[in-house]
2 protein chains.
Amino acid sequence: MDKIINYKILDCTLRDGGYYTNWDFNRDLVNTYLNSFNDLPVDYLEIGYRNNPMKEYLGEYFYCPEYVLREARQLSTKKLVIILDEKNVRPEHVEQLLKPCVGLIDMVRIALDPEQFSRALKLAEEIKKMGFEVGFNTMYMSKWKQNTAFLNELKYVDAVADYFYMVDSYGGVYPQDVIDTIQMVKERTSVKLGFHGHNNMELALINSLTAAEHGAEIIDATVTGMGRGAGNLKTELLLTALNARMGLKLNFNALSKTVDGFEKLKQNYHWGTNLPYMVSGANSLPQKDVMEWVSTRYYSINSIIRALENQKAGIIDNERLAEFRPNKKSKKGLIIGGGPTARYHQRAISEFIKAQNDLVIIHASSKNAALYKDINFDQYFSLVGNEGYRLEQVFEDIKNFKGNCVLPPYPRKMGTYIPAAIGGKSYELPSDLFTDKFGDSHTAIALQTALCLGVEELAVIGYDGYQEGSITQKEQSLIYENEYLFKKFVDSCSCSLYSLTPTNYKSLNVNSVYSIIYG
Amino acid sequence: MDKIINYKILDCTLRDGGYYTNWDFNRDLVNTYLNSFNDLPVDYLEIGYRNNPMKEYLGEYFYCPEYVLREARQLSTKKLVIILDEKNVRPEHVEQLLKPCVGLIDMVRIALDPEQFSRALKLAEEIKKMGFEVGFNTMYMSKWKQNTAFLNELKYVDAVADYFYMVDSYGGVYPQDVIDTIQMVKERTSVKLGFHGHNNMELALINSLTAAEHGAEIIDATVTGMGRGAGNLKTELLLTALNARMGLKLNFNALSKTVDGFEKLKQNYHWGTNLPYMVSGANSLPQKDVMEWVSTRYYSINSIIRALENQKAGIIDNERLAEFRPNKKSKKGLIIGGGPTARYHQRAISEFIKAQNDLVIIHASSKNAALYKDINFDQYFSLVGNEGYRLEQVFEDIKNFKGNCVLPPYPRKMGTYIPAAIGGKSYELPSDLFTDKFGDSHTAIALQTALCLGVEELAVIGYDGYQEGSITQKEQSLIYENEYLFKKFVDSCSCSLYSLTPTNYKSLNVNSVYSIIYG
């Protein structure tokens, strides 16, 4: 191999890409991958994890059984690498986990939280004894500066590791941060340095080149950037850059072949950066959380940012409200959901409402609230995430808002926007909810509100469930949550529950709104 | 607007994104876009081009008729911008093109090739007279250093422009290049500088931040990076970075809304970088050409790179071969294409071949060549792009290769790989081809080879054309090309042409291989 660069390149597509495929990859793709890399100027291939057995299903490259290692060893002319997750592996596991690797695997890496650095040193010692090269993939580099305990122990890494990696876990560091971190590390150890960059801010290439320029001796990358969340430095980008800038000889046909294979996979899994990943990168926030908050929960991206800003400023991100302990009780309740049937059957529902003597209306969503604005019964509103903005839109005259708002119990995960005009009409639920999960969802709050109000017979409308046609992942998780909540409610609460409108929820009984004859 | 940054931001999503949509955008999306930006810390919105009428269809934001400008002006609170393409606009057009913009548009930009800098200065003078701010979007910044004529004239820009933009047309400059270019420009003019980055190498963010840090006073970006080829700096990335780093106040809900709109569009148009765009960026090569070479032509990415390397080294990228002027003529020919019917009907085709007295076999593709290896008639092979590699695979014993290879006329666009063993058996076509277009395609070479061989009756097999199910864009263009070539051949050559196997090509007659009774 013509090498005009004085550092090594490690491709970890199968290992880091496995987060998307549960570590199973089509055999043809793996063969293409291994064969192509035989013709590419890359030094190491990390093919997966070795792990103790877990309860859930995890695939081929999460465990890398011996026959998998053997096949890879036969196909590949490169140095092969596996990685251990420090949080799950102790020194006493090393013998069993790594014995099958001897003679097949060249380097064993350890993925570690710097908080566990001393524990990782002991693990490394065991690995080193077996004759492997050892790499430390040390996470959260953007937070090292504050971690003096870890920095003080850094010097011990020299004895047990061949490479010490700075991992930009959040994908939010800038070239200058890379330079500063390298200097900070170099003052404490003389181990060879590595860099593993994430691409949330599209800085993986420039950060990696900067690391190499300032003395890093090994750089990680993955084909098409495949990897957890926003993904990694793209191998093809690094190699193309080095080809044009440094004259690194490059077989573009081989590169193109393996890129094509993973591009096809990308059409199913959609890795790569996007606005939520940028936000998590820019603010050193776990991308898993941001993605969940944005995509399957109810928080607006603004409220996430506000929560972040509060966190940074040391402000507790939600205020203590008066607890919801209503004196007035009602035997009968109606929860209004956001589904179209609450609009479609409005006339019948209005007749149903008129026929009642005693009823409380609970709006799980304010989506259909305008339709039922002028009803004389008491009205309550679930207030989570975005809902405050919706309320302002629905009730243009919000100063004269007559309802009450109910929020999840304190402390809430995320600041909830409460329009100023309804501040005095907002309450938080007590902490003892009927449900152990999804307690901050619209439906959980609505159901709990009914319980707090002493409701014994509870009707719902506008909970339509699965509809024909395709639904988004967001809709899917919402339906799953609601199904869970309805079942929990029916199983554990002494309150009857039924839907007046058509529904596909299996846990809901139905009493058609048209079947209720008011004499 | 809270501004803690000392430079302006210009969003040009509609103008630069129009390259993908032919400058037509759904009205709702445009409204979302304009409304969202009212809540975002961006100073200018470039909504499109103004252009003299063209022959082909180009949409709303390519011409920006007055009512479009007026609508945008009503919806937006931002400064509005249009751009002129210097190559199509002369000073005498300015009055007509820009009069409708007066009072609606704040800045007029000029997109220009630095070769036309003096012409652009005159254009700018006319624009300035009408009272607009003027921006110079000067392309190809990676090549300025060599362009002394342009550099010498730079000083004249002060008098006629408010902003002078460095455009990284190829998306291949690095932060240090940005710094060097700024210095080079600042030595020659005191006009305010701007930067317009492309994202081929995922360097648009770091280059833009670097430009701003070194004195650029305006930065371009587009939502989701929508823009020609690999696209631009992503507005959401720039704003998220500035929010986290500089405390720029940012309404993420507004940002998220407009990003969502364009993300949906991206699912149809797929802008963003990929390996060919990286190659063009890294090597300052027009991405339009690279994309065409890679996607719809027959050149391997390796041969493109080799051609590039030759170009750089001043080596002519293809050699002169002996011209194809065969003495031996044949009345009858058979072209074998790459389609599956050439395999499916192999038995019948072999019978057909056996029944002939005099025949030449011409392989347009070597895909099916192995099946017909042992035939005793003379065989010719179209040799373009990748085909040499395929030949080596098909004929393992290539040293005993008995065929002849035919290449496109000299000079060829791209170096063609000729396996050493068949160097003496390779010829180039004379320059007078039967076709004015696609002369370097497999099929054109095969047809021209037949003509050179004096063929009067030409059969083809394995030209299947459109099949059921979805086909790739690459297949589509190939089919379009073949259709064009067959039609041209039938219309202009005195040689009969028909297919022996099923075909969906409209320009091919069919004589079923089973209808020819040898008796």
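What you see is a predicted model; the values in this text were computed from it and never measured. Note on naming: letters A, B, ... go to the chains in the order of the sequence lines (proteins, then strands), and numbering restarts at 1 for each one.
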> Can you tell me if Glu236(B) and Thr224(B) form a side-chain donor-acceptor pair at under 3.5 Å?
Replying inline: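 Their side chains do not contain a donor-acceptor pair, so the 3.5 Å distance test is not met.
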> Among Asn199(A), Asn207(A), Asn232(A), which residue meets the side chain to side chain contact (heavy atoms under 4.5 Å, CB included) test with Asp168(A)?
Replying inline: Asn207(A)
> Considering only heavy atoms, which portion of Asn200(B) lies under 4.5 Å from any heavy atom of chain A: side chain, backbone, both, or neither?
Replying inline: backbone
> Is it the backbone or the side chain of Leu237(A) that comes under 4.5 Å from a heavy atom of chain B, or both, or neither?
Replying inline: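 For Leu237(A), the contact with chain B is made by backbone and side chain together.
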> Heavy-atom distance under 4.5 Å to chain B: side chain of Leu250(A), backbone, both or neither?
Replying inline: backbone
>> Any heavy-atom pair between the side chains of Pro175(B) and Ile206(A) that's under 4.5 Å?
In response: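 Touching, per the 4.5 Å side-chain cut-off.
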> What's the spacing between Met141(B) CE and Ser169(B) OG if we round to 0.5 Å?
Replying inline: 9.5 Å
